[in-house]
Each structure stands twice: as C-alpha cells, then as structure tokens.
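A quick write-up on the structure given underneath.
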Amino acid sequence: MDDNGLVIALIALSICAIFHILLNYISHRRQQKLPPGPLSLPFIGNPIWFFKPLSQLETTLRHYHSKYGPVVTLHFGNTPSIFIASHSVSHHALVQNGAIFADRFPVMETVKIITSNQHNISTAFYGPTWRALRRNLTSELLHPSRLKAHSGSRKWTLDVLVHRLRLTSAAEPVKVINHIRYAMYCLATVMCFGERFDEKFIYEVQESQRGILLNINKFNDLNFWPARLGKILFKKRWDEIRQLRKRQDDLLLPLINNARKNRTTIKDNEETGKPIPYVDTLFDLEIEDNNNEKKKRKLVDDELITLCSEFLDAITDTTVASLQWIMANIVKYPEIQEKLYKEIKEVMGNKKKGEEIEEEELGKITYLKAVVMEGLRRHPPGHMLLPHKVTEESVLDPGGYRVPKGTSVNFMVADIGWDEKVWTEPMAFKPERFLNDKVEGGVELEVDITGSKEIKMMPFGAGRRICPGIGLGLLHLEYFVGNLVWNFKWNAVGEVDLCEKQESAIIMKYPLLASLSPRS
Ligand code: HEM
C-alpha cells in the first residue's frame, strides 16, 4: 500500500470508530430511559389530569408507585416531573449528587410579588444570592451560641402559652392549635424584631402572614396569561395580591425601620448576652447586584420584608402543625403520656411543678426526643419537599433512570417515612422504635435525621437544601411538648381523629380538642 492508501485507510478507520462511539452513546441514552409512568401524549402530558384535580396528586402518585415502583415520571404538558419515594434513590440524588439536585425553578409572576423576585432562601436559585442569604441565617442566628441568647424569648412564650391554656381550660375544652399558633407567632416576632408585642399586634401579623400563605395559590390561574395582558384583563385580582402584600408591608416595614434605629450589635450580644434579632443580621448583608455580578449591594426594604416574612412563616407554620400532631398522639395514647411524664419527673428531680424544663434538661429526656421523632416520621408537616430542579443531565441510582437537565424532581417525604421495608408497622405511633436500649449505660436515640449517611426519614429534607432550621425546629418541638406535658395532664374530648388536611402544611382535619388538668 502506498502512502495515500495508508492515509485513506486511517481516515476510514477513524470515521468507523467515531460512528461506533456515537452509536454506542445513542443506544446507551435510549437504554437509560426516564422513570416509568402512565401514558403521556405530546403537548398534553398525562390525560389523567383532565379528570382529576391536582389536589389528588399524592393519592394518584401512591397508585402509580404501587404499579411502576418507587420512582415515577408524570408529564404536565410536555414537561416531565419525577417523583421519588425511595430512600436510597433520594440519598443518591440529594446527598451524593447534592449540587446537581439543589436548584429551584423560576416562580410564577404572582409569587414574584411576595418573594421580591426570588430574593429569599427557599425560592432563590442555587447560586451566590442563595448562599449569602442562607449563610447569614445559619451563622448569624441559628448558630448554637446565638440561639442560646434567645432562651429568654422561649421562656416568655411558654409563660404566655401556659397562662392562656390555664385560663381557657378552666372553663372549657381547649382548641389546641389556636393557642400554639398564637404562641409561635409571639416567639417568631420577638426573634425576628427583638420586641415583645401585644396580643392585638401579634394577631394582626398572624392574619397578614396566613392571609398570604393560604390565599396565594388561589391566584395561580392568572399565570397562564402573558403578565402584561393579564394585569390589564384581571386588574382587580392582581390588585388583591398587591393588597395582601401591602398589608404585610404596612405591618413589617415600621418594625424594620425601628430595628434599624435600635440595632443590637455583636458587642452588645457578647457583653450582655442580649439576643441579636434576625432583622439586625440583614442590614449589613450584601448580595450580588442583578445588573453587575461583580458588584455587591445591600438589601432593599422590599427584600428585608420578604426575608422577615419567610422567617416568620418558617418558625411558625411547620412547627405549629407538628406540635398539634404530637400533642394529638399524646392525648390519644395515655400510656405514652404517662411514660413521658414519668421520665420528665425523674429528670426534674426536686424542681417544683410548674417550673420550666430548661433547655439543658431536655437532652436528658430521651423518650421526649423519641416522641418528637415519631411525630415527625408519622406526621411530617410537608409530605413532599419543595420541587428541586436538576442542573445537569444525570442518572438515578439504583434504577439507572435518566433525569434530563432542567427536570423537576420531587421527593415524597411521607412515603419514605412510612416505608414498610424500613419501618415495622409504619402507620402506628410507636416512639419506642427510636430507642436503642442495647447500648451500655442506658438508652440512646437511633436514626440520623439529617440523612447524611443514609435516609430513613427526612421531614427536614436532606443535602444542600436541607432545612437550615432543623436544630431550632427540634428544640422548639422538644421544649414545648416537654413543658406542656410537665404543666398539664392532657385528656381526650371524644375520639382523636388523625385525618389530614392540606393547608400551607399538612394539618389535622379535625383540630385537636383536649381537656387539661394543671399538674400543680
Ligand atoms: C418542625 C419544623 C420544621 C420542619 C419540619 C421544616 C421542614 C423543611 C423542609 C421539608 C424544607 C424544604 C427542604 C427542601 O426543599 O429540600 C425546609 C426548608 C427551609 N426551612 Fe424548614 N422546617 C422546620 C422549621 C424551620 C425553622 C425553625 C426555620 C428557621 C428559622 C426553617 C427555615 C427554612 C428555610 C429558610 C428553608 C429553605 C432552605 C433552602 O431552600 O435552602 N425551617 N424546611
């Protein structure tokens, strides 16, 4: 063969090799399919949504999970959404491939108004603004040393709650959620703004916050229209959203301005132990400028309102739902209440009835931790995490399913906590399942709720977007459940019905009614 022949042969071989690699790649991609799911038509998606309201998403998904397995794809229009009810696949995605599964989607136009265009932690895209806002919350407020300074506010809240419960229960059975919600708003407002407000004002803040939480989804249909046209055609309804926000601005902005004038410095905190309220941590915070990535800027008033609002909702909404669920089980199962009370009594020793269980003492009441864990496993206040957006094409493991870039991935928190392959009798309320009494010298709590090693339950999520308030949320649950059982004997009024209702969190459909006898 002459030189030309050799060159031609080499070129032909190279082309064959490239084709071979390409064909292999394409057939590999074909084998790696999306997770299975029901029939989907181009542009329409799953026809089933013509016959079922989206409120039935969870029950519909359970049916598909039993048919197709723990990872399922649904199509809304042309867009696939993946739903994961497997703990090992969730761990692989959220923890082992955390960065790829950590983004959020752009919010709807109607939601932009209440999130300052996604300038809060929960809706921000995975990037520098999210990082700056989240780091500020975790290091400036949620750090254990900073949280300790707020213990006076927790004690004040407990006193308010116990006082209200004593007054009401003397006359009639107590509708528990009304009192715990009010109490958690007392705590959230003082931690946010550093002031103990009066009852009238706290109720106003509560109504304004809940007005938004409960009503914002009613405006979802407005987002089907191009924003400019929709705002003209449906001016009245757009004005209603603006009105909800204006009410919030009118209440929160004066508090923010007041806090700006009377800031608590780190020096005050270090010298006198005075707590630093959340809003004070925001005044000097800098985020990237939208128009110039290299430039930093301070937060504007609209963003300060949004971040304070997110904080108020975060402290109240899920914790109130969980507190009610846990107290409902304590009322329903008197033997659990008795066991808990006995353990509290042992730890409290010679302390008088009515005296507070202090935070340091909570750690010694192992059964209390087990009751709280079981409450979060059996009744997680969110049955799904907020949707996670995938930033790179990836593959789910185990299963080998393909997840295209930009897909919405949804994690089924409740189903993971109720998986009978992991939990025996998963629908029963059994705090004992968390106690490992085989350890030397007593009992120890089993389960890593952060899911970093493995996921067995994840009421706070897992990975990069895990709830930053996990420590504070658990502290509030243990502190209030422990002290409520220490202060009162809780008795059922009629049957305690554990039916669920979807609100901003999953709450009891029939709110808990209880009759209370003070222990002292
Ligand atoms: C029982 C109490 C609580 C529960 C069950 C809970 C649960 C959750 C869940 C499931 C998420 C979504 C995670 C995801 O999308 O992957 C979340 C996010 C979040 N939570 Fe909590 N939470 C609680 C209390 C708190 C508290 C006390 C705070 C703080 C003050 C807080 C602040 C946040 C924030 C800022 C996010 C957004 C995180 C992000 O997107 O990076 N939460 N929480």
Side-chain angles (χ1 to χ4, degrees), residues 84 90-91 93-95 98-99 101-105 107 115 118-127 129-143 146-147 150 153-154 180 184-185 187-192 277-279 281-282 306-326 372-373 375-390 408-414 416-417 449-451 455 457-481 504-507:
I84 299 178
S90 301
H91 188 263
L94 287 171
V95 180
F101 285 80
D103 207 5
R104 299 280 195 228
F105 286 89
V107 297
T115 59
Q118 299 189 246
H119 283 106
N120 66 359
I121 305 171
S122 47
T123 63
F125 298 119
Y126 183 60
T129 299
W130 169 78
R131 217 162 277 123
L133 296 175
R134 186 171 163 121
R135 195 183 304 125
N136 175 66
L137 174 68
T138 48
S139 60
E140 300 299 320
L141 190 107
L142 297 174
H143 189 275
R146 291 284 169 85
L147 271 187
H150 288 272
S153 306
R154 288 189 277 280
I180 49 184
M184 291 315 293
Y185 269 95
L187 183 53
T189 45
V190 69
M191 287 184 77
C192 191
Y278 181 52
V279 69
T281 70
L282 299 172
T306 292
L307 286 162
C308 289
S309 162
E310 177 181 56
F311 182 80
L312 296 177
D313 292 343
I315 298 260
T316 52
D317 205 40
T318 40
T319 307
V320 170
S322 293
L323 272 174
Q324 184 180 219
W325 283 117
I326 295 169
V372 166
M373 276 307 183
L376 287 166
R377 181 197 68 80
R378 178 61 188 83
H379 305 283
H383 278 196
M384 284 190 212
L385 300 184
L386 304 171
H388 286 231
K389 182 181 167 195
V390 175
S408 160
V409 181
N410 301 273
F411 297 87
M412 312 280 292
V413 174
I416 287 172
I449 201 168
T450 64
I455 291 175
M457 60 188 272
M458 53 167 179
F460 295 93
R464 310 276 164 123
R465 287 278 186 168
I466 191 173
C467 172
I470 182 167
L472 184 63
L474 287 171
L475 169 63
H476 286 165
L477 292 177
E478 287 171 24
Y479 181 75
F480 289 105
V481 171
S504 47
I506 305 283
I507 56 164

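Just follow the structure's listing: the first ligand is 1, and inside any ligand the first atom is 1. Everything numeric in this text was worked out from a predicted model, so none of it was measured. Each residue takes its place number in the sequence, starting with 1.
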Considering heavy atoms of the protein only, find what lies nearest to atom 13 (C) of ligand 1 and give residue, atom and distance to 0.1 Å. R465 O, 3.3 Å
Hey, looking at atom 1 (C) of ligand 1, which of P380, S322, G471, C192 has the closest heavy atom? S322
for atom 4 (C) of ligand 1, nearest protein heavy atom and its distance come out as F460 CE2, 3.4 Å
Does even one non-hydrogen atom of F411 get within less than 4.0 Å of ligand 1? no
Evaluate R134 for polar contact with ligand 1, using N/O atom pairs at a separation under 3.5 Å. yes
N or O contact, E310 vs ligand 1, cut-off under 3.5 Å: no
Tell me, please: is P468 in heavy-atom contact with ligand 1, that is, under 4.0 Å? yes
Looking at C467, A188, G469, the heavy atom closest to atom 42 (N) of ligand 1 belongs to C467
Quick one: does H476 get a heavy atom under 4.0 Å from ligand 1? no
With a cut-off of 4.0 Å, which atoms of ligand 1 are near a heavy atom of P459? 5 (C), 7 (C), 10 (C)
Minimum heavy-atom distance between L323 and V481, given as atom pair plus value: CD2-CG2, 3.6 Å
With heavy-atom distances below 4.0 Å as the criterion, list the atoms of ligand 1 near L386. 15 (O)
Looking only at heavy atoms of M458, does any of them come nearer than 4.0 Å to an atom of ligand 1? no
Min over A124, G473, A314 of heavy-atom distance to atom 32 (C) of ligand 1 lands on A314
Under the side chain to side chain contact (heavy atoms under 4.5 Å, CB included) criterion, do M458 and L94 qualify, and how do the steps go? CA-CA 11 Å; M458 53 167 179; L94 287 171; 4.0 Å; yes
Look at the rings of F311 and Y278 and say which category their plane angle falls in: under 30° parallel, 30 to 60° tilted, over 60° perpendicular. parallel
Which pair of heavy atoms, one from F105 and one from F125, lies closest together, and at what distance? C-CE2, 3.7 Å
Report the relative orientation of the aromatic rings in H379 and W325; use parallel for angles under 30°, tilted for 30 to 60°, perpendicular for over 60°. parallel
Are T281 and N136 linked by a side-chain donor-acceptor pair shorter than 3.5 Å? yes
Closest protein heavy atom to atom 23 (C) of ligand 1, given as residue, atom name and distance to 0.1 Å: T318 OG1, 3.3 Å
Which pair of heavy atoms, one from L312 and one from T316, lies closest together, and at what distance? O-OG1, 2.7 Å
P277 versus L141, closest heavy-atom pair with distance: C-CD1, 4.2 Å
Do R154 and Y479 meet the criterion of a side-chain donor-acceptor pair at a distance under 3.5 Å? no
Using side chain to side chain contact (heavy atoms under 4.5 Å, CB included), reason through E478 and I326 one step at a time and then give a plain yes or no. CA-CA 10 Å; E478 287 171 24; I326 295 169; over 6 Å; no
Check this for me - ligand 1, R104, N or O atoms closer than 3.5 angstrom, yes or no? yes
Considering only the protein, which heavy-atom contact is closest to atom 16 (O) of ligand 1, and what is its distance? H388 NE2, 2.8 Å
With heavy atoms only and a cut-off of under 4.0 Å, state how S122 meets ligand 1: side chain, backbone, both or neither. both
Identify which one of R104, R134, E310 satisfies the side-chain hydrogen bond (donor to acceptor under 3.5 Å, both in side chains) criterion when paired with S122. E310
